[in-house]
Amino acid sequence: MALDQNRAPLYEAMSEHKLNRVVPFDVPGHKGGRGNKRLTDFLGEHCLKNDVNSMKPLDNLCHPVSVIRDAQELAADAFGAENSFFIVNGATGAVQAMVMSACKSGEKIILPRNVHRSAINALVVCGAIPVYVNPGVNSDLGIPLGMTPEDVEQAILENPDAKAVLVNNPTYYGICSDLKRIVEIAHKHGLMALCDEAHGTHFYFGEELPISGMAAGADMAAVSVHKTGGSLTQSALLLMGKNVNADYVRQVINLTQTTSASYLLMVSLDLARQNLALHGRDFYQKTSKFADYARKEINAIGGYYAFGAELVNGRDFYAFDSTKLSIHTRAMGLAGIEVYDILRDEYGIQIEFGDIGNILAIITGGDRALEIERLLSALYEIKRLYGRSPAGLYDHEYINPTVDLPPQKAFYSERESVPIEQTAGRICGEFVMCYPPGIPILAPGERITKDILDYIAFAKEKGCSLTGPQDMLVQRLEVVVQ
């Protein structure tokens, strides 16, 4: 029986608590904002008064038994899941909880290499062993695509002791694998099916969009509601199917999630779920309309390629998220990161990311037509003023890795710091990635190659924000002592 999605239990409890004018002799120490006037002036009095601590009337995220439990049940109902948990460490926390719930130390998990760093971080922490399925690659765009069901099944047959399969749904670029078929294959062989849906909140509420993890029968899905669902930054959901022991997953979450969960983040999840359940269809219809219009106009400019469903091939590009405005820039002679920087510095427009050959603008129903036109005008001017020959630009984003050690073993091995130009042939002991999107160029345990070093050098030259290594300037790398 469907629950009443008009309800927002945590919001209602917090509103009542605020009216009760309880005297706070607990944390936080700003005491409703009175202890920090500048912060109160900046964020607002309502925000600070709602920044409260766990108490009986407001429940406790570590062991929810009342209003947080009720809010989580409503979220599960709205997203078509059996159970859900509020996560206050973003989809990163949800992905790590999925992996650590499905796999123990030494057990294998099958996943694409173009996963977010959070998945590989989970392997470092719990000691699970990755079995990478190389995604397809679009050679014209130079970007990784999805996994094919055939490649996933082959990986399972070669690793019959694997415990889970993890799928990106969608990738940062909006590309989806045949999720339903992959889930069926995983279950046929007795594996859990996990979905990283950090960028797929809208799949649960929009029309004519790719299938969501829960609708495809996945066991767990990490959903970053703040990205396209309207909650506050750092808030997410972990969704579970009927065959998952939710009480065990809660214990795993509590290994790493804070005991001082932010009520601002949690109430934003409660209200975002309510809004999506009641108005999500119209919201994402507007989102798709904006994105479709922008794609058409950008492709008319020339030099850019705002790609979409025309590239769907039923295999490694099984479906496309039409809300994503992914734009290839290399044909006009500019790296994506260069366009990203020009948009921000010259035109006052902040997009999601720019990498070697592409940019991504996140569009939602919260945008306005005038702002879409401003982006289009800026892209036209950038092409006119800065366009040049693409000669000399790097032509691919994804490099197939050679994994020589499990991530945990490599990360905790004896390591030495070596000038980056001298590391070819060595095993990397740390991460190197452009952030965003946060997909590692190198992860612990992978063999460093000249192609990888050339990619890193080009990314540095073009101004990508490289993160991960101990050396913040990325002039040296920690490599495993052999």
Side-chain angles (χ1 to χ4, degrees), residues 87 89-135 144 147 151-152 155-156 158-169 171 182 186 191-198 218-222 224 236 238 248-249 251-253 255-257 398-415 427-433 435 437-448 452 467-470 477-480:
I87 303 293
N89 188 29
T92 289
V95 168
Q96 291 173 347
M98 281 198 311
V99 173
M100 292 190 290
S101 297
C103 302
K104 298 179 176 64
S105 180
E107 294 181 339
K108 295 177 182 177
I109 180 170
I110 294 167
L111 68 168
R113 175 55 179 76
N114 58 323
V115 289
H116 188 264
R117 68 171 294 175
S118 57
I120 304 178
N121 283 349
L123 306 183
V124 171
V125 174
C126 77
I129 310 297
V131 175
Y132 290 127
V133 174
N134 285 321
M147 301 185 293
D151 285 347
V152 171
I156 294 173
E158 293 173 359
N159 298 273
D161 53 343
K163 299 298 182 181
V165 175
L166 186 147
V167 188
N168 294 329
N169 193 54
T171 71
I182 291 173
L191 279 69
M192 295 187 74
L194 317 177
C195 289
D196 180 349
E197 293 187 310
D219 296 293
M220 287 189 273
S224 191
L238 178 56
Y248 174 68
V249 174
Q251 289 182 318
V252 173
I253 291 170
L255 292 175
T256 56
Q257 182 157 260
Y398 179 73
I399 301 170
N400 290 339
T402 299
V403 181
D404 287 341
L405 289 175
Q408 186 184 66
K409 183 173 182 180
F411 188 83
Y412 289 111
S413 290
E414 182 182 355
R415 305 186 303 187
I427 298 174
C428 192
E430 57 186 357
F431 288 94
V432 182
M433 72 204 80
Y435 193 87
I439 298 168
I441 303 167
L442 276 170
E446 295 178 359
R447 182 76 59 178
I448 303 168
I452 290 171
T467 66
Q470 283 192 32
L477 288 180
E478 294 284 316
V479 297
V480 175

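Scope of the values below: all heavy atoms of this structure, side chains included, with no hydrogens, waters or symmetry mates.
Using a distance-only test at 3.5 Å, with no hydrogens or angles considered, a donor-acceptor pair links the side chain of D219 to the main chain of A193. No donor-acceptor distance shorter than 3.5 angstrom exists from the side chain of E478 to the backbone of E430, with no hydrogens or angles considered. R113 places a side-chain N or O within donor-acceptor distance of the main-chain N or O of P440, the cut-off being under 3.5 Å.
Between the CD1 atom in I439 and the CZ atom in R117 there is a gap of 12.5 Å [rounded to 0.5 Å]. Distance check, rounded to the nearest 0.5 Å: CD of Q408 to OG of S413 gives 10.0 Å. Residue F411 holds its CZ atom at 8.0 Å from CG of N121, rounded to the nearest 0.5 Å. Here CG of L194 is found 12.5 Å from CG of N169. Values are rounded to the nearest 0.5 Å. Atom OG of S101 sits about 7.0 Å away from atom CG of L238, to the nearest 0.5 Å. Here the CD atom belonging to E107 is positioned 13.0 Å from the CG atom belonging to N159, to the nearest 0.5 angstrom.
No side-chain heavy atom of S224 sits less than 4.5 Å from a side-chain heavy atom of T92. Using a 4.5 Å heavy-atom cutoff, the side chains of K409 and D404 are not in contact.
The nearest pair of heavy atoms linking A410 to R415 is O-CD, 3.8 Å. Looking at every heavy atom in both residues, G438 comes nearest to M433 through O-SD, 3.9 Å. Heavy-atom minimum distance, V133 versus A155: CG2-CB, 3.8 Å. Heavy atoms only, all atoms of each residue included: A236 and A91 are closest at CB-N, 3.5 Å. For the residue pair P469 and V432, the shortest heavy atom distance occurs at CG-CG2, 3.9 Å. Considering every non-hydrogen atom in both V124 and P444, the closest pair reads CG2-CG, 4.5 Å.
Judged purely by distance below 3.5 Å, without hydrogens or angles, the side chains of Y132 and N400 never pair a donor atom with an acceptor atom.
Applying the side-chain contact (heavy atoms from CB on, under 4.5 Å) test between M192 and each of M220, K163, M98 identifies M220 as the sole match. Tested against F431, the residues I120, I441, L442 include a single side-chain contact (heavy atoms from CB on, under 4.5 Å) partner, I120. Just one of V252, I109, L111, D196 meets the side-chain contact (heavy atoms from CB on, under 4.5 Å) condition when paired with V99; it is I109.
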query = Going through the distances and angles, do I129 and L123 end up as a side chain to side chain contact (heavy atoms under 4.5 Å, CB included)?
reply = CA-CA 7 Å; I129 310 297; L123 306 183; over 6 Å; no
message = Applying side chain to side chain contact (heavy atoms under 4.5 Å, CB included) to N89 and T256, what does each step give before you reach the verdict?
response = CA-CA 9 Å; N89 188 29; T256 56; 6.0 Å; no
task = May I have the step-by-step check of side chain to side chain contact (heavy atoms under 4.5 Å, CB included) for K108 and D161, ending in yes or no?
result = CA-CA 7 Å; K108 295 177 182 177; D161 53 343; 3.5 Å; yes
request  = Kindly indicate, with the supporting measurements, whether the criterion side chain to side chain contact (heavy atoms under 4.5 Å, CB included) is fulfilled by V125 and M100.
outcome  = CA-CA 9 Å; V125 174; M100 292 190 290; 3.9 Å; yes
